[in-house]
Amino acid sequence: MKAYLQPRLREAVQALGVAGDVDILLELPRNPEHGDLSTNLAMALARELKMAPRSVAEKLIAQLRVDPELVPKIDIAGPGFINFAFSPKFFHERLAALAAEKPERLGASTTGQGKRVNVEYVSANPTGLLHLGHGRNSAVGDTVANILEWNGYEVEREYYFNNAGNQMKKLTDSTYARYHQLLGEEDYPFPEDGYHGDYIKEIASEIERSYGNALLDHSEESEARVRACAEEWCFSRIVDTMKRLGIKHTMFVNEQHLHRDGFVTAALERLRDAGYIYEKDDATWFAAEKLGLDKDRVLIKSSGEPTYRLPDIAYHIDKLERGFDWIIDVLGSDHAATVPDVIKACEVLGYDVSKITPLIHQFVTLTDGGKQVKMSKRNAKVHTIDDLIEEAGADIVRYFFLMRNNSTQFEFDLALARDQTEKNPVLYLQYAHARVASLQGKAAEQGLTIGADIDWSQLTHDREMTLIKELLRFRETIIKGSETLEPVVICDYLRDVASAFHKFYHDCQIISAEPRELAEARLALARLTQIVMKNGLTILGISAPESM
RNA sequence: GCGCCCGUAGCUCAGCUGGAUAGAGCAACAGACUUCUAAUCUGUCGGUCAAAGGUUCGAAUCCUUUCGGGCGUACCA
């Protein structure tokens with residue numbers, strides 16, 4: 001509907017002699033009496049044209065060229081809204097066009113065609129298992145990548161991890177301590193700020209199995225081996241968890257590579273040449289204040305080690321150099337503070353930082369039937385993603401991380417996630433898909449199949465029209481997803497489709513409908529619904545079961 | 001202290017560049033299965049949009065202040 005009206009409205013606006021580009025907002029009126037689509041365009045233009053909104057609306061309508069058979073009713077209402085009502089013919093035509101698309105890509109858009117985008121997500125350091133905090137990042141990042149792919153973008157799905165800094169040292173020291181303790185030195189001191197989780201003990205015993213006591217000498221070689229074992233152990237667990245959640249990557253970049261291949265020192269030298277580096281208290285500083293940021297930051301500690309900020313800058317330079325049209329960093333709010341420094345540093349080196357979009361999501365709190373589940377780092381009683389998957393299943397876990405706006409801090413309710421009944425919003429969606437599968441089976445048994453020529457005009461029932469309108473919104477929803485980078489847009493849409501379908505299914509007999517053309521059209525409508533649900537769920541990374 | 005996110009129905013959340021009677025799900029209550037899966041559908045109940053000012057023809061939406069919550073504010077990542 002929007003695709004039909006938007007360009008025609010644009011022409012009408014130009015005909016009125018309005019200079020420049022005007023954003024034309026078309027929205028679905030809440031009240032169905034207000035038609036199928038509504039715009040506040042006249043009110044938006046009123047100021048510029050110095051006319052009353054309602055007379056602007058009249059002039060616009062006079063200039064608007066639409067086919068009256070498709071848009072039979074255009075009204076001016078309230079303070080100056082223009083409401084459009086489309087004809088059944090319009091919807092039937094669009095529906096036929098939608099049905100003609102290839103099922104596997106039905107709904108896909110081409111708005112990103114020819115553009116390369118890099119989406120970085122998860123990016124957990126290999127120092128432990130994925131927990132609640134990573135879950136949202138993973139699900140959001142992967143889904144955003146999916147959405148962009150469905151918009152025609154060529155997507156690099158990237159995972160960046162720090163395996164050179166302080167955290168890895170802590171991991172090594174912690175593992176060493178457990179290793180010593182395991183081999184009889186019960187009093188061997190555990191590092192104060194080490195990783196307390198039991199998994200460290202597992203790593204230690206694995207090392208013991210492979211190497212016996214051969215690494216206890218703390219030689220450089222032994223330390224490197226312990227470190228590598230720990231990193232590998234953690235990383236393979238992370239990869240496992242991501243696999244279970246359907247999180248995919250096409251590119252892994254690590255900090256060691258940035259050091260080894262000179263990216264880090266190059267970044268530092270370029271910043272120095274640009275005049276934003278100085279030495280103080282034996283440390284090397286980035287003069288961020290000079291660039292309008294709140295304070296200067298240390299890039300190299302007095303110990304000689306870089307802080308995470310420097311490799312981060314080097315990494316972003318690398319991403320910019322790789323020639324993407326768009327770079328999206330999916331970050332938790334706890335990491336948001338470093339973004340301005342990194343961006344500013346790239347900017348002063350002459351890069352076009354408007355290509356970088358930090359996608360920041362808020363935290364998730366875990367509740368169980370209304371009671372908050374406390375997470376204690378000390379006892380390492382963090383809920384891992386694996387735990388959640390075990391309790392609720394991957395589909396539900398993933399959906400729960402996606403069903404809210406990125407900017408809202410929400411509650412992950414374990415009790416609701418565990419609940420495998422009608423209360424669970426995921427099952428509502430999957431059920432719509434499964435219902436059609438079962439319906440098709442039954443129809444085939446009774447000799448009803450979807451022929452090549454569907455008479456869509458058979459569909460006139462209110463429930464049918466509502467469902468049709470929902471299905472026709474699929475593509476614009478996918479586009480909206482790429483504009484907002486909010487997976488929740490897809491979640492909400494699928495719920496609306498599922499709801500419209502369940503209502504249609506409830507009120508309209510399908511297989512036994514008369515005449516046969518109607519039965520066939522209804523079956524075809526159900527089939528289209530199934531495809532939309534399937535593709536939508538695929539974008540979200542959730543399975544679409546044939547039966548439940 | 002400062003910066004960012006947030007405060008909307010009993011609960012969890014929507015509400016799109018300010019616009020037409022504030023929405024959904026869950027909970028509560030009342031209904032609908034001899035017929036394509038009732039994991040569904042129908043109806044009822046429920047809100048001074050944290051508070052106070054301001055801008056506007058019009059504010060949940062923009063601005064200011066206050067109160068309340070989260071995250072930052074490291075020579076941790």
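Computed from a predicted structure; not experimentally measured. Just so we're on the same page: letters track the sequence lines, and every chain starts at 1.
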Any idea which of [options] is nearest the [X] side chain?
X	options	answer
A:Gln509	B:rU37, B:rG72, B:rU35	B:rU35
A:Gln362	B:rC5, B:rA24, B:rC13	B:rC5
A:Val298	B:rC26, B:rG19, B:rC75	B:rC75
A:Pro79	B:rG19, B:rA77, B:rU73	B:rG19
A:Lys301	B:rC26, B:rC76, B:rC41	B:rC76
A:Tyr428	B:rU37, B:rC36, B:rC41	B:rC41
A:Glu422	B:rC6, B:rA14, B:rU40	B:rU40
A:Ser407	B:rA38, B:rG19, B:rC5	B:rC5
A:Ala77	B:rC13, B:rG19, B:rA20	B:rA20
A:Phe81	B:rU37, B:rC76, B:rG19	B:rG19

So, does the side chain of [X] form a donor-acceptor pair with the base of [N] at under 3.5 Å?
X	N	value
A:Tyr308	B:rA77	yes
A:Ser38	B:rA20	yes
A:Ser302	B:rC75	yes
A:Glu27	B:rC16	yes

Rounded to the nearest 0.5 Å, what separation is found between the CD1 atom of A:Ile313 and the CG atom of A:Asp318?
13.5 Å
Just how far, in rounded Å, is [atom2] of [N] from [atom1] of [X]?
X	N	atom1	atom2	result
A:Gln530	B:rU37	CD	P	13 Å
A:Met403	B:rC26	CE	P	12 Å
A:Asn406	B:rC13	CG	P	14 Å
A:Arg404	B:rC11	CZ	C1'	11 Å
A:Asn125	B:rA77	CG	P	9 Å
A:Phe410	B:rU12	CZ	P	13 Å
A:Arg297	B:rC75	CZ	P	8 Å
A:Gln409	B:rU12	CD	P	12 Å

Could you tell me whether the phosphate oxygens of [N], OP1 or OP2, come under 4.0 Å of any side-chain nitrogen or oxygen in [X]?
X	N	answer
A:Asn405	B:rC13	no
A:Asn166	B:rC75	no
A:Ser333	B:rC4	no
A:Thr338	B:rG72	no
A:Lys170	B:rA77	no
A:Lys295	B:rC2	no

Determine the contact category for [X]: base if any of its heavy atoms lies under 4.0 Å from a base atom, sugar-phosphate if only primed atoms, P, OP1 or OP2 are that close, otherwise nothing.
X	answer
A:Ala283	base
A:Thr284	nothing
A:Arg522	nothing
A:Arg495	sugar-phosphate
A:Thr421	nothing
A:Ala443	nothing

With rounding to the closest Å, how many angstrom separate the [atom1] atoms on [N] and [M]?
N	M	atom1	value
B:rC45	B:rA60	P	23 Å
B:rG7	B:rG15	C1'	15 Å
B:rC67	B:rG23	C1'	27 Å
B:rC49	B:rC6	C1'	14 Å
B:rA59	B:rU40	P	40 Å
B:rA14	B:rA50	P	14 Å
B:rU21	B:rG68	C1'	31 Å
B:rA32	B:rC5	C1'	45 Å

Kindly confirm whether the side-chain ring of A:His335 is stacked on the base of B:rA77, judged by centres under 5.5 Å and planes under 30°.
no
Does the aromatic ring of A:Phe363 sit over the six-membered base ring of B:rG70, closer than 5.5 Å centre to centre and tilted less than 30°?
no
Considering only NZ, NE, NH1 and NH2 on the basic side and carboxylate oxygens on the acidic side, decide whether [X] and [Y] come within less than 4.0 Å.
X	Y	result
A:Lys344	A:Glu347	yes
A:Asp329	A:Lys319	yes
A:Arg473	A:Glu470	yes

Report the relative orientation of the aromatic rings in A:Phe263 and A:His257; use parallel for angles under 30°, tilted for 30 to 60°, perpendicular for over 60°.
tilted
Taking atom types as modelled and ignoring hydrogens, do the side chains of A:Arg272 and A:Thr284 form a donor-acceptor contact shorter than 3.5 angstrom?
no
Polar side chain donor-acceptor pair, A:Tyr315 to A:Glu255, under 3.5 angstrom:
no
Looking only at non-hydrogen atoms, find the nearest pair between A:Leu494 and A:Leu540 and report the distance.
CD1-CD1, 3.8 Å
Compute the centroid of each ring, for A:Phe190 and then for A:His196, and state whether the two points are separated by less than 6.0 Å.
yes
Look through every strand shown and name the nucleotide pairing with [N] as Watson-Crick or G-U wobble, where both distances are under 3.5 Å.
N	value
B:rC45	none
B:rU40	B:rA32
B:rC26	B:rG10
B:rC2	B:rG72

Could you pick out which residue, A:Lys442 or A:Ala44, lies toward the 5' side of RNA chain B when each is mapped onto its nearest nucleotide?
A:Ala44
5′-ward residue of the pair A:Asn83/A:Ile510 relative to RNA chain B:
A:Asn83
Member of A:Tyr308, A:Phe235, A:Phe252, A:Tyr121 meeting the ring pair (Phe, Tyr, Trp, His ring centres under 6.0 Å) criterion with A:Phe161
A:Phe235
Syn or anti for B:rC33 (syn when the glycosidic angle lies within 90° of 0)
syn
